[in-house]
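Structure first, commentary second.
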Amino acid sequence: MTQQYENQKGKSDSNRESTDSVPEDVMGALNRVNENTWDIPTSRLRGMRVPGRIFLSEKLLSSIDLATIDQIANVSMLPGILDYSMAMPDVHLGYGFTIGGVAAFDPQEGVISPGGVGFDINCGVRLMKTNLTREDVVPHIKTLTESLFHKIPSGVGSKGQFRVNDTQLTDAFLHGSEWAVESGYGIEDDTKNCESAGFMKGGNPEKVGVKARQRGRPQFGTLGSGNHFLEIQYVDKIYDPVAAAAYGLYEGQVNVMIHCGSRGAGHQICTDHLQNLNEAVKKYKIDIPDKQLACAPAESKEAQDYYEAMICGANYAWANRQVIMHWTREVFENFYGKDVDELGMKLLYDVAHNVAKYETHTVDGKKKDVYVHRKGATRAFPAGHPEVPQHYRDVGQPVLIPGSMGTPSFVLKGGPRSMELSFGSACHGAGRVMGRGQAKSNMSGEAIREELARQGITVRADKPSVIAEEAPSVYKPSDEVVDVVDQLGIANKVARLIPIGVIKG
DNA sequence: ATGTTC
């Protein structure tokens, strides 16, 4: 870390007392470009190759601190970064890169960095529809929530209902949710309604270490902990009737949202390759302002090894969400005595929140293949993009934005300006404003559970501390975050979803 | 986020 960085960090700490108003140093670090766009000029820190850019409303400005701004600036120092080091309105401090960060790199001049993906590789969200109404479900919500809690293992270190063998694990690393569907955990349509059709090509299980395999095997089909959840929600508002019709959403409809990732497997893949990349930084003499930005030239063996292992982690996560959705269907089938078809339990879509991808974008007016890192950011391809499934192509890719526990989630569609503004990316959620530790010591999980119960939301968690960590008040309001990307035309609102039953790890 | 602070 540079001396300059330390000085600024100190300054920000001393200002933290005056919370509600935006600290002067935050204002001083940003140049306002328009209503929802703020730039960090390259003059801020020595070594910035491109400016930083935060998509944010004035209202949310107080949720940003100087340490977050400097992480965005630090990323702009990485070789081969294109256009801007970007951040979404749900941005907050992360490992090296912010959560809510988007950064694209030239494949020849640029780098690949695990910090730009995160430890939970392909943490993501899927939304499954039903044809049940709120009235069909609310009277039974306690029973349903309880059944789901028992069917789907959750919590830190939770073990699954079945153990995949080594061959199956390799298949999952290579073929993601396609493997899960072929193994009987789903229906053929499921993979069509998924980003990248449920798996990325190019995974190489030989780049996944023994430890990652050991951790991954027993955790298959588990939810995990932290902000991960399974929610029964209902559609309470439609903003865009045409898009809603194309997605099959209508007011009063009950849906299930599943938010989880690659569990210990992805975590171990990230940890292992960070070690290699720490060495690569020295070997290739890359000047990085923060050790957490470990990276290697995109075409180097070290970077490609990580990328091939990361794909395995991403595919594991897609298979994991697929298996969890399958068990959710079984719970509903048993409860209502109807099958999946009769219950209309179709997958609307599944998106990755933490992943790096080789994609085609327009840079300086020319088509170019780049490595886009999305860490706490959602792909949001617009109408007409060839990667959007045929049946959604006229509307745009579904963009699923979970709220924090007890607050609304949103379905958006990829907006007309996402390709020009943000490498086809939008926000991924509400975004924390308070750290986990602080939340745990400040909040009572049991009190929050009772308050949510008064609001008609049944929460079933592994332990109360998880509820405290994820209290709605430790997050930015999801509606304000979503409004920013909506107003920018990065992704446009289609429907709002209100939780009624929540399973947490 | 995480076999919870290498």
Can you check the A:Glu469 CD to B:dT2 P distance for me, whole Å? 10 Å
Between B:dT4 and A:Arg436, is there an OP1 or OP2 to side-chain N/O distance shorter than 4.0 Å? no
Any residue of residues 426-434 of chain A with a heavy atom less than 4.0 Å from an atom of DNA chain B: none
Mind checking whether A:Phe173 and A:Tyr316 have parallel, tilted or perpendicular rings, split at 30° and 60°? tilted
Would you indicate what A:Gly261 reaches in the nucleic acid, counting non-hydrogen atoms under 4.0 angstrom: base, sugar-phosphate, or nothing? nothing
Determine, step by step, whether A:Phe105 and A:Tyr371 satisfy the ring-ring contact (aromatic ring centres under 6.0 Å, His included) criterion, reporting the C-alpha distance in whole Å, the side-chain angles of both residues, the deciding distance to 0.1 Å, and the verdict. CA-CA 5 Å; A:Phe105 293 87; A:Tyr371 283 102; 8.9 Å; no
Are A:Thr170 and A:Arg213 linked by a side-chain donor-acceptor pair shorter than 3.5 Å? yes
Interatomic distance where CD belongs to A:Gln438 and C1' belongs to B:dT5 [whole Å]: 17 Å
Counting the atoms with a prime plus P, OP1 and OP2 as sugar-phosphate, which does A:Lys504 contact under 4.0 Å by heavy atoms, base, sugar-phosphate, or nothing? nothing
Hey, are A:Asp166 and A:Arg217 close enough for a salt bridge, meaning a charged N less than 4.0 Å from a carboxylate O? yes
May I ask you to say what A:Gln292 touches in the nucleic acid, namely base, sugar-phosphate or nothing, with a heavy-atom cut-off under 4.0 Å? nothing
Checking all strands, does A:Thr271 fall into the base, sugar-phosphate, or nothing category for heavy-atom contacts under 4.0 angstrom? nothing
Return whichever of A:His228 or A:Lys463 has its heavy-atom-nearest nucleotide of DNA chain B closer to the 5' end. A:His228
Between A:Gln219 (CD) and B:dT4 (C1'), how many Å, whole number? 13 Å
A:Gln268 CD - B:dT4 P separation (whole Å): 12 Å
Value for CG (A:Asp350) from OG (A:Ser177), rounded to nearest 0.5 Å, stands at 7.0 Å
May I ask you to say what A:Lys159 touches in the nucleic acid, namely base, sugar-phosphate or nothing, with a heavy-atom cut-off under 4.0 Å? nothing
Under 3.5 Å, which donor-acceptor pairs do the side chains of residues 149-156 of chain A form with other protein atoms, sequence neighbours left out?
unit_1, atom_1, unit_2, atom_2, d
A:His150, NE2, A:Glu146, OE2, 3.0
A:Lys151, NZ, A:Glu330, OE1, 3.2

